Structures are given as structure tokens and as C-alpha cells.
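These numbers come from a predicted model, not from an experiment. In this chain, residues are counted from 1 in sequence order.
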Amino acid sequence: MPVALTGVPPWEWFPLLLEKAARRCTRNGERLVLVVDGLNGDRGVTGGGDGL
């Protein structure tokens with residue numbers, strides 16, 4: 001994370017950095033791959049329609 005963003009909530013800076021990376025990849029003819037981990041991180045969901 002850039003030092004200038006220390007103390008700023010992630011929901012404010014992450015979309016901006018993601019868009020910047022996507023634009024750079026598009027400009028360079030590359031593909032941006034976003035890997036999301038932690039889908040099983042919330043063990044508080046016990047079932048029903050809200051959990052996976």
C-alpha cells in the first residue's frame with residue numbers, strides 16, 4: 001500500500017488502485033487477473049441463503 005494512503009480506509013483507495021491497474025493493463029495489451037481469497041474466512045455463517 002502506498003505510504004500516502006496509510007490511515008485511509010481500504011474502501012476508499014482500493015477501487016482507485018484497481019482501476020489504475022486495469023487501465024495500465026489495457027494500455028499495454030495485458031490482462032488483469034484479480035484473485036479473491038478468504039471466501040471461507042467468515043465462519044460465523046452457519047447456513048441458509050446468506051452463506052456459501
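Put simply, V33 and L18 are part of two different groups of oily side chains (I, L, V, M, F, W, Y) that touch within less than 4.5 Å, one to the next. Clustering ILVMFWY residues whenever any of their side-chain heavy atoms sit less than 4.5 angstrom apart, transitively, puts V36 in the very cluster that holds W13.
L32 places none of its side-chain heavy atoms less than 4.5 Å from the side chain of T26.
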